[in-house]
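Throughout, protein chains are lettered first and strands after them, A, B, ... in sequence-line order, and every chain is numbered starting at 1. Not measured: the values here are computed from a predicted model. What you see below is based on every heavy atom in this structure, not just the backbone, and it leaves out hydrogens, waters and symmetry mates.
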Amino acid sequence: MSAPAARPDPPNAAIAALFDELADLYELDGASIHRVLAYRNAAKTVREAPRSIAALTREGRVTSLPGIGKTLEEKVTALLETGSIPAVEKLRARFPQGLVEMTRLPGLGPKKARTLFHELGVDGLEALRLAAEQEQLRDVKGFGAKFEASVLAALDAGLGGALAPRVLLHKALPIAEGIVEALRAHPAADKVELAGSARRRADSCKDLDIIATASDPAALIAAFGELDVIESVSGVPGQNAAKARTHTGMPVDLKVVAPDQFGNLLQHFTGSKLHNVSLREAAVRKGLHVSEYGLLDDATGQTHRCSTEHEVYERLGLPWIPPELRENRGELALTDAGGVPVLIEHADLVGDLHMHTTASDGRNSVEQMAEAARARGLQYIAITDHSATHGFGKHVTPDDLRRQIERVREVDAALEGIEVLIGTETNILTDGSPDYPDELLAELDWVMGSLHTAFGHEPTRRLVTACEHPWIDCIGHPTGRKIESRPPYDVDMEQVIDTAVRTQTMLEINSAPDRRDLNDIHARAARDAGARIVVDSDAHGTNTLGITVWGIATARRAWLTKADVANTLPWAQFAPLRKRATAKR
DNA sequence: GCCGTTTTCGGCCCGACTGTTTTCAGTCG
């Protein structure tokens with residue numbers, strides 16, 4: 001028997017996709033919903049794992065992850081050894097891909113898709129449309145004319161296949177806060193709070209949820225519908241609630257509730273779903289049943305309503321948990337308030353070590369950036385223009401950079417109240433080296449190294465090599481992901497983090513609202529491994545220096561405290577932490 | 001399929017809405 005051919009490890013995202021597909025296929029197959037959920041749960045665990053699942057499996061440690069047991073371990077092992085999972089192949093042969101697409105239509109789930117496939121041979125969206133138009137669906141038991149109409153309406157609306165678009169947090173949050181502010185100003189309003197993924201500061205939001213109490217609910221709901229940002233609104237029959245849509249197409253739900261249930265509703269609609277599921281499972285073990293309406297106590301048969309969210313958690317024996325942590329990533333193991341991390345605040349940042357000027361692709365001069373940063377209360381900034389091989393914008397040649405060193409030194413000398421440092425964002429070439437000579441990098445105060453080209457070309461090795469470089473102080477936007485538009489490079493972050501720790505290379509949380517890179521998972525893993533983290537704006541103009549709020553949001557979702565982020569330190573304490581300050585010359 | 005202050009089996013969150021039905025299954029959040 002010949003030795004098996006070397007096979008590259010499947011990335012975690014690929015394994016997660018297979019588990020999700022298995023969940024879909026088993027659901028079509030009529031498997032127990034608990035088994036299906038086990039696969040979905042495992043897919044999420046794999047997708048969020050900061051370590052390589054393939055490596056963990058080879059080390060025999062993959063079952064230490066929550067939701068991964070013997071059976072799933074075997075499936076990953078089969079994938080590593082043969083390149084495929086037998087169960088996936090078998091089920092794919094039985095259920096056409098079109099059935100999964102059908103289940104994305106509203107009101108059409110796996111059970112109905114399976115029935116239509118078996119009864120009518122409907123195997124996808126095209127066959128479904130034909131059968132609906134020919135009024136064949138109503139002949140199947142459990143289906144009727146209304147179902148046919150809703151299927152056709154959904155297909156005509158272009159649904160099916162595509163997932164609903166999610167709006168990036170920096171677009172969603174201002175809309176949400178504007179609505180909340182306007183409602184609070186209304187005389188009928190009492191409490192108004194944002195809930196949902198926007199309150200948790202997630203990367204993106206599907207919709208907005210707002211919970212309120214009011215002396216006159218109907219008046220508040222009417223005022224909601226009249227807001228300028230609202231395009232259309234519909235009431236929810238029998239409830240003090242409204243469903244609306246903004247002019248940008250974002251759904252907004254407003255619920256006006258009794259004051260003594262405000263805490264329950266706010267907690268429920270803040271989520272996340274997985275946080276709530278775990279919370280309720282833990283509650284059941286204590287004889288309590290949590291819903292949006294209150295806490296039912298088995299012992300007394302009474303339902304306790306909570307006017308505050310703090311009371312909900314308190315009755316469950318938990319400290320209040322900051323919304324950013326409510327992702328079922330260990331927050332329910334926090335037993336008392338002392339264990340809850342004091343999360344970093346935006347005001348804690350005193351330095352910004354990544355920004356651009358007109359020397360490369362920025363819109364403002366060094367002076368303008370420095371003055372704007374000082375006005376924002378920053379104590380130090382690094383000017384880090386793109387380098388010579390960036391590939392677009394101006395090419396900052398070594399001579400250009402030498403002139404920029406002089407320019408920045410002049411501005412620094414002229415400006416009181418802020419330290420202006422000269423740096424660069426050097427491009428990491430395909431061999432892992434920076435694109436400026438070492439002597440030039442040595443003259444700078446600070447060097448970011450980032451990938452901007454050839455993303456598919458060995459990103460892990462290049463980032464590891466960059467960390468080993470004596471003059472690269474920090475890796476910029478380490479995974480290259482663009483939220484909702486570009487997946488991360490196929491990079492083994494565990495290796496990069498380990499190398500960063502060993503070489504004292506810092507890792508950036510880039511605050512660009514479509515990056516937020518490191519993400520919350522990786523930033524937490526980096527901190528836990530002992531890496532130094534900086535939160536930077538990557539501003540390309542004075543007007544975007546403040547986007548560090550999004551980087552801070554990610555840092556908070558990563559459980560980071562002020563002490564975990566290096567540029568909360570004054571320059572005198574930050575400077576010695578740079579690799580160049582400690583490297584043997 | 002996972003998991004254990006109910007531990008190796010028997011559970012595994014909560015509620016609302018819809019359409020098709022005479023009491024409920026499926027879907028959704």
Side-chain angles (χ1 to χ4, degrees), chain A residues 19-20 22-46 62-76 85 87 102-116 137-151 153-154 159 163-164 195-197 205-209 211 234 236-239 241 243 251 253 255 261 264-265 267-296 298 303 312 316-317 328 332-333 335:
Chain A
F19 283 176
D20 270 329
L22 269 175
D24 289 338
L25 290 168
Y26 276 128
E27 199 170 22
L28 284 168
D29 198 30
S32 142
I33 188 61
H34 302 295
R35 191 169 162 214
V36 172
L37 288 175
Y39 277 98
R40 296 237 161 87
N41 189 29
K44 188 167 165 64
T45 295
V46 167
V62 77
T63 55
S64 68
L65 294 174
I68 311 283
K70 225 72 223 95
T71 304
L72 291 179
E73 179 184 37
E74 284 169 15
K75 288 189 158 57
V76 179
I85 299 174
M102 281 164 57
T103 65
R104 304 228 170 92
L105 293 174
L108 207 174
K111 295 285 198 304
K112 286 182 178 172
R114 179 178 187 235
T115 300
L116 294 177
L137 303 182
R138 64 185 65 181
D139 296 337
V140 182
K141 184 172 159 53
F143 294 80
K146 281 194 177 176
F147 179 78
E148 280 173 351
S150 77
V151 160
L159 302 176
L163 297 170
S197 53
C205 306
K206 185 164 63 70
D207 54 19
L208 299 173
D209 291 293
I211 312 293
S234 61
V236 178
Q239 291 193 356
K243 288 182 172 298
D253 283 6
K255 292 179 184 63
Q261 288 181 314
N264 299 109
L265 269 290
Q267 193 285 322
H268 175 83
F269 282 101
T270 295
S272 67
K273 181 183 163 109
L274 282 185
H275 172 84
N276 284 354
V277 167
S278 286
L279 188 79
R280 290 184 197 138
E281 284 171 355
V284 167
R285 290 193 285 273
K286 295 177 181 174
L288 297 166
H289 302 271
V290 182
S291 79
E292 58 262 58
Y293 304 109
L295 277 73
L296 170 63
D298 278 341
T303 297
V312 176
L316 294 171
N328 195 31
L332 295 176
T335 49

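In this structure B:dC28 sits in a base pair with B:dG15, meeting the Watson-Crick or G-U test at under 3.5 Å.
Rounded to an integer number of Å, the gap from NZ of A:Lys111 to C1' of B:dT18 is 17 Å. Straight-line distance from the NZ atom of A:Lys141 to the P atom of B:dA25: 11 Å, rounded to whole Å. Taking atom CG on A:Asp253 and atom P on B:dC17, their separation rounds to 13 Å, with Å as the unit. The distance between atom NZ of A:Lys286 and atom C1' of B:dT6, rounded to the nearest whole Å, is 16 Å. Distance CD (A:Glu281) to P (B:dC12): 9 Å, rounded to an integer number of Å. Taking atom CG on A:Leu316 and atom C1' on B:dC13, their separation rounds to 13 Å, with Å as the unit. Between the C1' atom of B:dG26 and the CG atom of A:Leu137 lies a distance of 16 Å, rounded to the nearest Å. When rounded to the nearest whole Å, the span between CZ of A:Phe143 and C1' of B:dT27 equals 12 Å.
Separation of the P atoms belonging to B:dT20 and B:dC3 is 40 Å when rounded to the nearest angstrom. Annotation: B:dG29 and B:dC13 have their C1' atoms spaced 13 Å apart (nearest Å). B:dT21 sits 15 Å from B:dC17 when the C1' atoms are compared, rounded to a whole Å. Here, B:dC12 and B:dT6 have their C1' atoms 13 Å apart, quoted to the whole Å. Across B:dG15 and B:dG10, the matching C1' atoms stand 24 Å from one another, rounded to whole Å.
A:Val36 comes within 4.0 angstrom of nothing in the nucleic acid, heavy atoms only. Nucleic acid contact class of A:Ala23 (heavy atoms, under 4.0 Å, all strands): none. A:Lys273 comes within contact range of at least one nucleobase, with a heavy-atom separation under 4.0 Å. Using a 4.0 Å heavy-atom criterion, one finds that A:Val284 contacts the sugar-phosphate atoms exclusively.
Taking the side chain as every heavy atom from C-beta outward, A:Leu116 and A:Phe147 approach each other to under 4.5 Å. Looking only at side-chain heavy atoms (C-beta outward), A:Arg114 and A:Met102 stay at 4.5 Å or farther from each other.
Closest to the A:Arg35 side chain, of the nucleotides B:dT27, B:dC13, B:dG1, is B:dG1. Comparing atom distances between the A:Ala38 side chain and each of B:dA16, B:dG1, B:dG19 picks out B:dG1 as nearest. Counting only heavy atoms from C-beta on, A:Val277 has its side chain closest to B:dC13 among B:dT20, B:dG1, B:dC13. Of the candidates B:dT27, B:dC13, B:dG1, B:dG1 carries the atom nearest the A:Leu72 side chain, counting heavy atoms from C-beta on. The nucleotide whose nearest atom lies closest to any side-chain atom of A:Lys75 is, among B:dC14, B:dG1, B:dC13, B:dG1. The nucleotide whose nearest atom lies closest to any side-chain atom of A:His289 is, among B:dG19, B:dG1, B:dC14, B:dC14.
Annotation: the span from A:Glu292 atom CD to A:Ile211 atom CD1 amounts to 9.5 Å, rounded to 0.5 Å. Once rounded to the nearest 0.5 Å, the distance linking CG of A:Asn276 with OG1 of A:Thr270 reads 8.5 Å.
A sub-4.0 Å separation between OP1 or OP2 of B:dC2 and a side-chain N or O of A:Tyr39 is absent. Side-chain nitrogen and oxygen atoms of A:Thr71 include at least one within less than 4.0 Å of the OP1 or OP2 phosphate oxygen of B:dC2.
A salt bridge between A:Arg40 and A:Glu27 is present, with a side-chain N of the basic residue lying under 4.0 Å from a carboxylate O of the acidic one.
Nearest-nucleotide positions on DNA chain B for A:Leu108 and A:Arg285 put A:Arg285 closer to the 5' end. Nucleotides of DNA chain B nearest to A:Tyr293 and A:Glu148 differ in position, and the one nearer the 5' end is that of A:Tyr293.
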Under 3.5 Å, which donor-acceptor pairs link side chains of residues 69-76 of chain A to any protein atom two or more places apart or in another chain?
| unit_1 | atom_1 | unit_2 | atom_2 | d |
| --- | --- | --- | --- | --- |
| A:Lys70 | NZ | A:Glu73 | OE1 | 3.2 |
| A:Lys75 | NZ | A:Tyr39 | OH | 3.4 |

